[in-house]
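The structure under discussion appears below in the form of structure tokens.
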There are 2 protein chains.
Amino acid sequence: MNAGVDDRRSTILRAVVEAYIDAAEPVGSAYLAALPGMRVSPATIRNEMSALEGEGYLHQPHTSAGRVPTEKGYRRYVDELMTSADPGPDRADQVQGFFAKAHQEIEELLSSTTRLLTRMTDLAAVVTGPSAHRARIVSVQLVALSSRTVVVVVVDANGSVEKRTIVWPGEADSGQLAEIGNAMTAHFRDREVRDVDSPPRFEDSELDKLGAYAFVAVREAVRDADRDGVFIEGTSRIAASFGAVETVRDVISILERHYLVVTLMRSLLSRGQGVAIGSEHGVSSLKECAVVVAPYSVDGVEVGTIGLIGPTRMNYASAIGVANLVSENLSRRLSEG
Amino acid sequence: MNAGVDDRRSTILRAVVEAYIDAAEPVGSAYLAALPGMRVSPATIRNEMSALEGEGYLHQPHTSAGRVPTEKGYRRYVDELMTSADPGPDRADQVQGFFAKAHQEIEELLSSTTRLLTRMTDLAAVVTGPSAHRARIVSVQLVALSSRTVVVVVVDANGSVEKRTIVWPGEADSGQLAEIGNAMTAHFRDREVRDVDSPPRFEDSELDKLGAYAFVAVREAVRDADRDGVFIEGTSRIAASFGAVETVRDVISILERHYLVVTLMRSLLSRGQGVAIGSEHGVSSLKECAVVVAPYSVDGVEVGTIGLIGPTRMNYASAIGVANLVSENLSRRLSEG
DNA sequence: TGTTAGCAATCAAGTCTACCGAGTGCCAAG
DNA sequence: CTTGGCACTCGGTAGACTTGATTGCTAACA
């Protein structure tokens with residue numbers, strides 16, 4: 001029972017899954033028997049498939065049809081049967097080439113990484129920006145837009161820039177603003193974003209009041225930091241993957257709710273899962289989808305997520321391979337500086 | 001010929017368009033004759049419809065079907081026959097309420113405005129950020145991320161912040177950086193973004209070299225400024241509007257190419273068109289779509305665009321009304337400060 | 001002259017039937 | 001345990017027929 005990956009039954013399950021991924025049509029015994037590696041007759045394959053159906057790995061849409069993998073079937077395929085997710089040297093080169101001439105700016109880098117993922121897998125791709133919570137603050141500056149409007153600009157060590165526009169309580173004085181900015185920079189410098197808890201204090205009581213006021217903007221600016229960085233591309237591939245418009249609508253409408261997608265990916269990662277198939281992830285609108293996730297890290301710390309979303313009959317080997325490959329390259333790239 | 005909007009034939013055309021917008025099904029003479037305002041028999045209506053078909057305003061999918069508006073029919077409807085695009089006091093209140101408690105930050109304001117548009121019209125919505133070319137620069141600062149990495153931060157009068165991360169030629173010295181930043185701020189202050197043409201000069205030859213180097217980053221940062229600000233929401237409504245998955249895929253794949261959408265909207269506006277129907281705009285993948293655009297302005301200068309995209313049988317009155325309403329409110333809001 | 005009732009004509013879409021064929025399950029022989 | 005053979009199932013396709021919506025035309029009418 002549940003022997004290895006080499007027994008005949010498993011081989012047949014693998015062949016069914018791969019054929020179905022390829023052709024999106026129920027797979028019959030005759031087709032399988034004709035496969036190069038297969039040394040048994042259709043009748044034997046039928047027996048095995050019948051057993052696989054009993055075990056819950058396959059499903060028969062109707063009596064006179066071939067078999068289709070169930071979620072459990074895909075799961076077993078991904079966990080045990082799949083041949084290596086190594087994307088091969090061509091793709092490795094492609095990814096390396098991409099990162100070699102990729103843009104400096106982190107946002108543009110991530111956004112074009114998302115497009116790269118979509119292009120390589122033909123799936124919808126998601127990349128979340130590096131979580132800002134652990135990033136260190138490098139500079140805080142206050143700039144007057146007008147006499148009553150001030151923009152607070154916070155730069156962190158990732159090179160992310162967050163800002164908050166506020167109405168200044170009184171006439172904005174550029175000397176004062178500079179002084180507050182310098183004090184803030186000194187105060188927060190090298191502290192992590194999540195440690196922004198109290199404003200710097202000033203001798204001068206007016207400055208102290210203004211400083212406390214500006215501090216609120218700093219806190220809000222860094223609190224929003226994570227919200228910016230979600231990149232999603234390849235939505236149109238979803239339309240190409242499903243025949244039913246309703247499914248397309250449901251899936252796309254989930255993809256439009258970025259925070260939902262991010263939550264989903266994070267929760268998968270935190271449970272140590274790299275792949276969620278069908279209803280495993282619990283989002284009912286995505287029950288016909290599978291999600292592949294991989295974390296990426298900066299200096300060894302996992303800070304962001306790469307995700308691929310497509311139909312359950314996606315090419316898992318390719319998707320997982322590409323996700324990991326891109327994750328490694330992106331991590332390396334972001335850890336350089 | 002082409003009398004007014006009050007002759008019977010025009011009334012019938014209007015009724016056909018409105019019925020078709022409503023029900024998405026070919027409209028027959030019996031249905032029209034039963035309409036409250038209609039005082040003639042189905043036979044008469046048939047005669048008129050036949051004439052309208054001859055004039056190119058209507059089309060009959062097949063002999064035993066009712067009539068469907070052609071592009072020309074929609075065009076005439078929008079230009080002459082449509083009843084007022086006034087969205088009514090409820091919606092005006094809704095929009096005012098929205099802007100009353102909307103977010104300060106321009107990006108978030110525009111992004112939630114896009115969602116508002118989608119919600120109110122059930123169409124895909126696009127808002128382009130205020131063109132930065134005419135914005136005045138308020139501040140330029142150089143911040144060291146590490147000894148060899150510097151981020152150049154440019155703040156403009158809209159409150160937009162642009163940045164560019166560069167490798168510094170040498171050890172980054174915070175005193176030098178501050179000096180260059182101050183000189184840049186003084187040099188570019190109140191100049192328009194499009195006028196960023198030459199760096200400030202420094203007495204010190206090393207500073208002058210570094211300044212020229214940093215200037216490149218400033219120019220690149222402001223050149224990219226326009227690229228950020230495109231907000232698109234409601235893609236999933238497209239899936240709900242069309243029956244064919246291919247159409248959905250085509251349209252969404254256009255929506256994914258932001259620059260294409262922006263170009264389309266700008267070119268419509270520059271030709272003074274507020275509505276483009278079907279093939280009028282020349283983007284073949286959108287031939288089953290109509291696009292409604294409205295500019296918005298800051299202090300009387302048109303700086304950005306609002307757009308709505310949906311099927312040709314969208315509710316034009318509502319779409320145009322909402323686009324204009326939101327445009328006015330957004331303009332007012334952005335011109336306040 | 002414009003309007004209308006009446007009516008035959010048209011044609012998409014639905015229903016019914018027959019049939020084909022892909023694919024199975026099972027049995028008996030190897 | 002494997003396999004060939006065979007009856008069986010059932011979705012899908014094709015054709016014939018029906019239904020119903022809608023038209024265009026004609027002739028009568030105001």
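A note on names: the letters A, B, ... follow the listed sequences, proteins ahead of strands, and every chain is numbered from 1.
From one end of the helix from dT1(C)-dA30(D) to dG30(C)-dC1(D) to the other, with five pairs defining each end axis, the axis direction shifts by 20° (rounded to 10°).
Checking the phosphate oxygens (OP1, OP2) of dT23(D), a side-chain nitrogen or oxygen of Ser29(B) falls inside 4.0 Å. Residue Ser64(B) has no polar side-chain atom (N or O) positioned under 4.0 Å from OP1 or OP2 of dA21(D). Phosphate contact (OP1/OP2 of dT10(C), side-chain N/O of Thr63(B), threshold under 4.0 Å): absent. An OP1 or OP2 oxygen of dT2(D) is reached within less than 4.0 angstrom by no side-chain nitrogen or oxygen of Ser41(A). In this model, the phosphate group of dT22(D) is not approached by any side-chain N or O of Arg67(B) to a distance below 4.0 Å at OP1 or OP2. Contact between the side-chain N/O atoms of Arg8(A) and the OP1/OP2 oxygens of dT2(D) is found at a separation under 4.0 Å.
Between the CD atom of Gln60(A) and the P atom of dA22(C) there is a distance of 16 Å, given to the nearest Å. Across the protein-nucleic acid pair, Tyr31(A) atom OH and dT24(C) atom P stand 14 Å apart, rounded to whole Å. The separation between Asn47(B) atom CG and dG6(C) atom C1' is 14 Å, rounded to whole Å. A straight line from CD of Glu48(B) to C1' of dT1(C) spans 14 Å, rounded to a whole angstrom. What separates CD1 of Ile45(B) from P of dG24(D) is a distance of 13 Å, to the nearest Å. The separation between Leu58(A) atom CG and dG25(C) atom P is 11 Å, rounded to whole Å. The NE2-P distance, from His62(B) to dT23(D), rounds to 11 Å in whole Å. dT2(D) atom P lies 16 Å from atom CG of Leu32(A), rounded to whole Å.
By the 6.0 Å contact criterion, CZ on Arg271(B) is enclosed, its count of non-hydrogen atoms from other residues, nucleotides or ligands being greater than 12.
Counting distance only, with no hydrogens placed and no angle test, the side-chain atoms of Arg46(B) and the base atoms of dG6(C) include a donor-acceptor pair under 3.5 Å.
Base contact: Ala43(B) has a heavy atom under 4.0 Å from a base atom.
A 4.5 Å side-chain heavy-atom check between Tyr77(A) and Glu18(A) finds at least one atom pair inside the cut-off. The shortest side-chain heavy-atom distance between Met38(A) and Ile45(A) falls under the 4.5 Å cut-off.
Taking 4.0 Å as the cut-off between side-chain N and carboxylate O, Arg75(B) and Glu280(B) count as a salt-bridged pair. Using a cutoff of 4.0 Å between basic side-chain nitrogens and carboxylate oxygens, Lys72(A) and Glu55(A) are not scored as salt-bridged. Taking the charged nitrogens against the carboxylate oxygens, Glu80(A) and Arg14(A) have no contact shorter than 4.0 Å, which rules out a salt bridge.
The side chain of Met49(B) has dT23(D) as its nearest neighbour among dT23(D), dG24(D), dT24(C).
In this structure, Leu13(B) CG and Tyr57(B) OH are separated by 7.5 Å, a value rounded to the nearest 0.5 Å.
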